[in-house]
Amino acid sequence: MNILVANLGSTSLKFRLFRFDGAGAAALLAKGGYERVTDYGKAIDDCLAELKTAGHVRSAADLHGVGFKTVLGKNLTGCVRADTDGRVIAALDGFKEIAPAHNPPYALGIARFHEKLPGVPLVALFETAFYQWVPEAASRYAVPQAWHDAGVRRYGFHGASHKFVAERSAELLGRDDIAERVRALYQSGPTPVQAGVKPLRVISCHLGGSSSVTGIRDGVAIGTSMGLSPQSGLPQNNRVGDLDSAAVPFVMKTLNLSLAEVERQMTKESGLLGLSGVGNDLRDVRAAAQQGNARAQLALDVFVQSTRHWIGAFLLELGGCDALVFTAGIGENNPDLRAAICADLSELGFVIDAAKNAALRGAEGEISAAGSCVKIFVVPTNEELVIARETLRCIAGRN
Ligand code: ADP
């Protein structure tokens with residue numbers, strides 16, 4: 001079974017093609033992408049032509065499904081067929097104001113794939129899917145009821161990545177019962193846990209171009225740092241992260257900015273870029289800080305402080321922590337940032353092994369010291385594999 005995963009950005013199309021054998025094991029057959037996309041129809045044609053030339057997909061009959069990492073849908077989440085009715089496109093359209101960089105490209109891309117590959121099942125896996133079972137008290141904002149009814153609540157994002165971490169960390173800790181619970185989550189919901197078995201409490205830090213921290217109990221999310229939109233939580237590359245809502249009317253009045261301009265600055269000129277004045281890539285910010293740029297150092301300090309803030313929140317909410325996991329571009333590749341995030345937490349049970357941490361970049365491994373009560377891991381994320389697996393399950397009718 002060949003499953004294509006399409007990752008659509010506001011100006012890009014990235015793809016990966018997986019082949020699953022009868023036992024469900026996946027092999028990555030091809031990956032690629034196009035930047036500065038203005039015509040999704042052409043980009044999709046190019047992608048399919050590339051797969052044809054490589055001999056992987058000679059016709060639509062060689063493709064058994066396409067999975068999409070859709071972000072946020074109005075009144076719709078989970079893993080949903082996108083080719084059988086208009087539900088997915090309508091849900092993306094319904095929240096295009098909240099996720100303007102993500103929802104319109106997916107709506108367009110899904111429609112184009114449907115047009116070009118009639119009969120091939122299309123599946124949307126929403127990034128919010130992992131948070132379907134978060135307790136209501138952790139997803140409500142203290143807003144008037146009408147705002148809540150209109151959809152203003154915490155949704156959470158990076159669901160595919162945190163789900164991957166939930167499953168993989170359970171495997172690393174020898175908890176196959178929990179790994180299996182995670183695998184079944186989108187089909188069965190949270191299955192009962194065995195009575196009397198110690199709960200598995202994981203804090204997952206997805207630190208990358210955009211970042212979030214999620215608390216996970218027995219494989220199921222109990223809360224996350226991102227809220228209504230992917231602009232929230234930790235400072236993002238060039239997006240603002242958490243901000244007091246009073247700041248918006250204040251800068252509109254005192255700096256004489258329009259709402260559109262405030263939105264632009266919050267989504268394009270804030271985050272690590274806004275703080276540092278250097279750039280939105282952590283490598284550049286770090287290099288500037290090492291050369292003595294005080295604003296760049298402050299940007300790193302704010303990022304570390306915010307990550308610790310959310311780890312602390314979930315440590316309390318989970319009543320402890322068995323594993324702390326770092327993933328995504330920053331989490332996988334920056335030992336000094338991981339060390340700063342875990343500094344001086346030995347009384348709470350987090351002790352990093354400096355040598356193991358320094359040596360580990362872009363690969364899986366444990367970085368906690370022998371005596372650390374909490375296991376600290378680096379787990380390279382694989383969102384596309386999660387999407388491909390769920391797509392396969394969905395089209396196999398087990399959804
Ligand atoms: P996204 O998929 O959200 O664009 P990534 O998970 O690829 O983001 O993370 C991008 C961030 O990761 C950038 O800020 C970059 O600095 C950092 N990063 C990626 N690779 C490396 C690396 N090899 N060394 C240091 N930092 C890295």
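All of these numbers come straight from a predicted model, not from anything done at the bench. Remember, it's 1-based here, ligands and their atoms both numbered in the order they're listed.
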For residues 319-335, tabulate all N or O donor-acceptor pairs below 3.5 Å that involve a side-chain atom, not counting sequence neighbours.
from: Asp322; atom 1: OD1; to: Lys198; atom 2: NZ; distance (Å): 2.8
from: Asp322; atom 1: OD1; to: Arg201; atom 2: NH2; distance (Å): 3.1
from: Asp322; atom 1: OD2; to: Arg201; atom 2: N; distance (Å): 2.7
from: Asp322; atom 1: OD2; to: Arg201; atom 2: NE; distance (Å): 3.1
from: Thr327; atom 1: OG1; to: Glu332; atom 2: OE2; distance (Å): 3.3
from: Thr327; atom 1: OG1; to: Val379; atom 2: O; distance (Å): 2.6
from: Thr327; atom 1: OG1; to: Thr381; atom 2: N; distance (Å): 3.0
from: Glu332; atom 1: OE2; to: Ala328; atom 2: N; distance (Å): 2.8
from: Glu332; atom 1: OE2; to: Thr381; atom 2: N; distance (Å): 3.0
from: Asn333; atom 1: OD1; to: Gly362; atom 2: N; distance (Å): 3.4
from: Asn333; atom 1: ND2; to: Gly329; atom 2: O; distance (Å): 2.8
from: Asn334; atom 1: ND2; to: Ile330; atom 2: O; distance (Å): 3.1

Tabulate below the donor-acceptor pairs under 3.5 Å that side-chain atoms of residues 46-54 make, not counting sequence neighbours, or state none.
from: Asp46; atom 1: OD2; to: Lys42; atom 2: NZ; distance (Å): 2.9
from: Glu50; atom 1: OE1; to: Tyr34; atom 2: OH; distance (Å): 2.4
from: Thr53; atom 1: OG1; to: Ala49; atom 2: O; distance (Å): 2.8

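Test Lys69, Lys163, Lys14 against Glu383 for salt bridge (Lys or Arg N to Asp or Glu O under 4.0 Å) and you get one pass: Lys69.
Note on Arg81 versus Asp83: salt bridge recorded, some NZ/NE/NH1/NH2 to OD/OE distance being below 4.0 Å.
The aromatic rings of Tyr131 and His162 lie perpendicular to each other, with more than 60° between the two planes, well past the 30° mark.
Each of the following atoms of ligand 1 lies closer than 4.0 Å to a heavy atom of Leu282: 14 (O), 16 (O). Near Ser210, meaning under 4.0 Å from any of its heavy atoms, are these atoms of ligand 1: 3 (O).
For atom 24 (N) of ligand 1, the nearest protein heavy atom (residue, atom name, distance) is Asn333 CB, 3.3 Å. Of all protein heavy atoms, the one lying nearest to atom 27 (C) of ligand 1 is Gly329 O, 3.6 Å.
Surrounding CD of Glu317 are at most 12 heavy atoms belonging to other residues, nucleotides or ligands under 6.0 Å away.
Ring to ring, Phe113 and Phe68 are close: their centroids are under 6.0 angstrom apart.
Counting heavy atoms only, Asn334 comes closest to atom 25 (C) of ligand 1 of the residues Thr327, Leu272, Asn334, Asp284. Between atom 8 (O) of ligand 1 and the options Gly331, Gly362, Ser161, Gly209, the minimum heavy-atom separation is to Gly209.
By the 3.5 Å distance cut-off applied to N or O atoms, Asp281 is counted among the residues near ligand 1. Taking only nitrogen or oxygen atoms, main chain and side chain alike, Leu207 does not reach within less than 3.5 Å of ligand 1. For ligand 1, one of its N or O atoms has an N or O atom of Ile330 under 3.5 Å away.
Counting protein heavy atoms under 4.0 angstrom from atom 2 (O) of ligand 1 gives zero.
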